[in-house]
Amino acid sequence: MYKKIYNAIKKFDTIVIARHIGVDPDALASQIALRDSIRLTFKDKKVYAVGNGSSKFSHIGSLDKLGKIDEKTLLIVTDTPDKKRVDIEGIDQYKHKIKIDHHPFVEEFCDIECIEDTASSACEIIMNLIKNTKLECNKEIAETLFIGLVADSNRFLFDSCSPRTFSLAAYYLENYKFSVNEINQKVYKRPLKEVRLEGYMGENLVLTDNGVGYMKVTNEILDKFKVDSASPGNIINNFNFIDEVIVWVTMTEDIKNEQIRVSIRSRGPVINKVAEKYNGGGHMMASGAKPKTFEEAMKLIKDLDKVAKEYNKEEKER
Ligand code: AMP
C-alpha cells in the first residue's frame, strides 16, 4: 500500500493535500508534514496543503493558496473518512484521489484507500509511510508529525497507542533529535481564560445515573469567559480519569453556525454510533456531533446514558 502511494506521488507533478473540516492538530500536522516531505523529496513538484486553518494551530505550519489544478492533479486526503467532511471545494473535479486515514471506515471515495483504523493518529500513518518509502524527512517534519501523534493519542494515554506507535516515536526522536518538551509546550500551553472556563465546566458538570458527565456551555458563558465555541472542545480531554465519569460530553452553543458543537469522550462505552445519529461521527472513544439545539443534544445524552448503562451491566457480569 505504501509503495502504491509513493508511486502515485512520484507520478503526479501537482499534488493537493486536504483534510477534514473543523481542523485539529493531527489533521493539520498530517497534511503539512506530508506536503513538506513531498517538497523535500521532489523539488520540482507543486504541492499545496489546503483548507481553513486556525490561528490557534499556527505553530504547526501554514497552509497554501491553491494554485492551478487540472485533471492531472492528485488529491491526497488525510484524516478524513467521508467525502462530505473533506475541507476542499469541488472535490469531484479531482480525478485521482488517495485517502490516508485512521478513522473507522465510513465510505470509499478515493482510488487508493489507505485506512489503518488501529493507528493512533493520521500522523502515525504518515510516519510509517515516510519511514518505509523514499520520501524524505528532516527535523521540522519529524516535529510536525510528533505533534499530531501526541495530540491525537492524548500524550500516549489512549489504547490506540500500540507498540508501533512507540517504536515510530522512538525512531523519529532518535533520528531527528527534537525536543519533546518544546513540542509539548507548543501543543499544551493555553490561555488563562480557558483554565477559568475549565473551572466553570467542572463545577457545572451534570452526572447521569450511569456515569455520563455533560457540560453545557451557552453563548452567554462563552462571552463571559471571552472564549469562542471551539474552546470547550479543546478542554474536553482534561476531564479524563474522573472516578464517577465514564463518558463525558461538552455541548457548546455555536450561534454563528446555528448549531451545538458536541465533543464526546469515553473510557469504555462505544460512542461513535450514537454520534452518527446526531450529525456526527468519529472514533469509538472520541467523537463529535452537531445537533441543532440543546434539546436535541439532550436526546444524545439520553442515548449515551443507555449505552453507558449497557456497558456497566456487561462490566459487572464479567
Ligand atoms: P472532536 O471532539 O471535535 O475533537 O472530535 C473527535 C473525533 O470525532 C475526531 O476524529 C473528529 O474527526 C470526529 N468528529 C468530530 N465531529 C464530527 C462530525 N460532526 N462528524 C463526523 N466526525 C466528527
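Just so you know, ligand 1 is whichever comes first in the structure, and atom 1 is the first atom listed for that ligand.
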Determine yes or no for a side-chain-to-main-chain donor-acceptor pair under 3.5 angstrom, with Asn257 supplying the side chain and Gln259 the backbone.
no

Contact between ligand 1 and Gly22 is defined here as a heavy atom of the residue under 4.0 Å from a ligand atom; is it met?
no

Assess, by modelled atom type and distance only, whether the side chains of Asp152 and His102 contain a donor and an acceptor separated by less than 3.5 Å.
yes

Do ligand 1 and Gly281 have nitrogen or oxygen atoms that lie under 3.5 Å from each other?
yes

Among protein heavy atoms, which sits nearest to atom 10 (O) of ligand 1, and what does the distance come to when rounded to 0.1 Å?
His103 NE2, 2.8 Å

Could you check whether any side-chain N or O of Asp26 sits under 3.5 Å from a backbone N or O of Cys123, counting only pairs where one atom can act as donor and the other as acceptor?
yes

Determine whether a donor-acceptor pair (N or O, by modelled atom type, separation under 3.5 Å) exists between the side chain of Tyr278 and the backbone of Ala297.
no

Please report which non-hydrogen protein atom sits nearest to atom 11 (C) of ligand 1, along with the residue it belongs to and the distance in Å to one decimal place.
Arg85 NH2, 3.8 Å

Which atoms of ligand 1 are found less than 4.0 Å from any heavy atom of Gly282?
8 (O), 13 (C), 22 (N)

Could you identify the single nearest non-hydrogen protein atom to atom 7 (C) of ligand 1 and state the distance to 0.1 Å?
Ala286 O, 3.4 Å

Quick one: does ligand 1 sit under 4.0 Å from the side chain of Asn279, the backbone, both or neither, non-hydrogen atoms only?
backbone

Are the side chain of Glu113 and the backbone of Cys110 linked by a donor-acceptor contact shorter than 3.5 Å?
yes

I want to know whether Phe178 and Phe146 have ring centres closer than 6.0 Å.
yes

For atom 4 (O) of ligand 1, closest protein heavy-atom neighbour
Arg265 NH2, 2.9 Å

Show me which atoms of ligand 1 lie under 4.0 Å from any heavy atom of Ser263.
1 (P), 2 (O), 3 (O)

Whether the side chain of Ser37 engages the backbone of Ala33 through a donor-acceptor N/O pair (distance < 3.5 Å, no angle test) should be reported.
no

Is it true that the side chains of Thr78 and Gln31 contain a donor and an acceptor less than 3.5 Å apart?
no

Can you tell me which residue and heavy atom of the protein come closest to atom 15 (C) of ligand 1, and the distance to 0.1 Å?
Gly288 CA, 3.4 Å

Against heavy atoms of His283, which atoms of ligand 1 measure under 4.0 Å?
10 (O)

